Amino acid sequence: MRIYTRGGDRGETSLFRGGRVSKADPRVVAYGCIDELNAQIGFARSQSPAPEVDEMLRGLQVLLFTVGADLATPVEVTSDARVQTEHTDSLEREIDRMQAVMPVLRHFILPTGTSCAAAIHVARGLCRRAERDIVAMPAEAVRAETLAFVNRLSDYLFVLARYQNFLAGREEEIWEPGK
């Protein structure tokens, strides 16, 4: 497979099954941020996560390709690469499962911990930016399932960072205002 095509040399790119747009198009910005998020999750995986967390992060990377493909495909085009309600439901089940074994969160915490947990916190921030980028797209260009998934994903990443710290025996640092 050839990596360069020269097709974008004039500032445009192709959508999946849907013509060409500017690389500054809100859709391209949104799926570009999803790509950054996926790369950050790859970085988190390189930071010696617990085996269970590594498996969860790998699964996210696969799903994020689906999110990117979904965003790169016009809504009216039929595609197998679409985020489904079941994807969001799965994130919610995993959030509940992880929270059931960790101490109840009673304070705001600093986004730190093991190098892997800190990398997951960075991914959470990228996820929130991706969500803002998706919301900036015309409403009719975004599937509700995709937006809901990305919204829930930032919650999942927060809990996953905590879970990585929990599995590593790393105590959370509480935010103390004014200190």
Side-chain angles (χ1 to χ4, degrees), residues 1-46 53-99 111 118-163:
M1 175 166 118
R2 208 164 118 190
I3 298 299
Y4 62 91
T5 64
R6 297 187 177 112
D9 290 355
R10 292 192 175 151
E12 290 187 341
T13 190
S14 295
L15 298 178
F16 282 2
R17 305 178 193 141
R20 294 186 65 76
V21 295
S22 166
K23 288 184 177 185
D25 185 276
R27 175 185 303 275
V28 178
V29 171
Y31 70 70
C33 196
I34 293 295
D35 186 41
E36 289 178 52
L37 171 57
N38 204 337
Q40 179 62 34
I41 289 173
F43 179 74
R45 290 185 68 199
S46 76
V53 172
D54 185 56
E55 184 178 322
M56 295 161 81
L57 290 170
R58 186 189 183 290
L60 277 182
Q61 287 190 292
V62 171
L63 274 173
L64 286 172
F65 268 96
T66 301
V67 174
D70 194 328
L71 291 169
T73 305
V75 172
E76 66 277 2
V77 174
T78 302
S79 174
D80 292 335
R82 294 291 193 190
V83 175
Q84 304 299 324
T85 303
E86 295 78 30
H87 295 123
T88 305
D89 293 344
S90 177
L91 290 180
E92 290 174 354
R93 284 190 302 275
E94 283 298 297
I95 288 168
D96 293 343
R97 182 187 68 78
M98 290 183 285
Q99 285 190 303
I120 296 170
H121 278 299
V122 172
R124 177 180 50 84
L126 286 171
C127 185
R128 286 186 171 174
R129 184 175 63 184
E131 182 180 11
R132 291 189 303 271
D133 290 342
I134 292 167
V135 169
M137 292 171 57
E140 66 276 4
V142 181
R143 296 175 59 254
E145 297 87 347
T146 307
L147 183 56
F149 176 81
V150 174
N151 179 49
R152 201 72 73 255
L153 181 56
S154 63
D155 298 330
Y156 176 86
L157 290 167
F158 175 76
V159 174
L160 186 58
R162 289 190 67 222
Y163 190 62

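Nothing fancy with the numbering, it's 1 onward along the sequence. Source: prediction; values computed, not measured.
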Provide the closest heavy-atom pair for [X] versus [Y] in the form atom of the first, atom of the second, distance.
X    : Y    : value
S79  : A81  : OG-N, 3.0 Å
H121 : A161 : NE2-CB, 3.4 Å
A136 : P26  : O-CB, 4.3 Å
P111 : R124 : CB-NH2, 3.7 Å

Just by modelled atom types, is the [Y] backbone N or O under 3.5 Å from a matching donor or acceptor in the [X] side chain?
X    : Y    : result
E131 : L147 : no
R129 : C33  : no
N38  : L64  : no
R27  : L71  : yes
S90  : E86  : no
R82  : D70  : yes

Close side-chain approach of [X] and [Y], heavy atoms under 4.5 Å:
X    : Y    : value
L91  : H87  : no
Y156 : M56  : yes
V28  : Y31  : yes
F158 : I120 : no
I34  : D133 : no
L60  : L153 : yes

Does the pair L160 and M98 meet the rule for a side chain to side chain contact (heavy atoms under 4.5 Å, CB included), with working shown?
CA-CA 8 Å; L160 186 58; M98 290 183 285; 3.8 Å; yes

Euclidean distance, [Y] [atom2] relative to [X] [atom1], rounded to 0.5 Å:
X    : Y    : atom1 : atom2 : result
L37  : L157 : CG    : CG    : 6.5 Å
Q84  : L63  : CD    : CG    : 11.0 Å
T146 : M137 : OG1   : CE    : 8.5 Å
E140 : E76  : CD    : CD    : 10.0 Å
R45  : I41  : CZ    : CD1   : 10.0 Å

Begin with the C-alpha distance, continue with both residues' side-chain angles, and end with the deciding distance and a verdict on side chain to side chain contact (heavy atoms under 4.5 Å, CB included) for Y163 and R97.
CA-CA 10 Å; Y163 190 62; R97 182 187 68 78; 3.6 Å; yes

Any Lys/Arg nitrogen of R152 or E92 sitting under 4.0 Å from an Asp/Glu carboxylate oxygen of the other?
yes

Using a strict 4.0 Å threshold on nitrogen-to-oxygen distance, state whether E55 and R58 make a salt bridge.
no

Any side-chain donor-acceptor pair under 3.5 Å between R162 and Q99?
no

For R128, look at atom CZ and say whether over 12 heavy atoms of other residues, nucleotides or ligands are found less than 6.0 Å away.
no

Consider side chain to side chain contact (heavy atoms under 4.5 Å, CB included). Of V75, V150, I134, which one does V142 pass it with?
I134

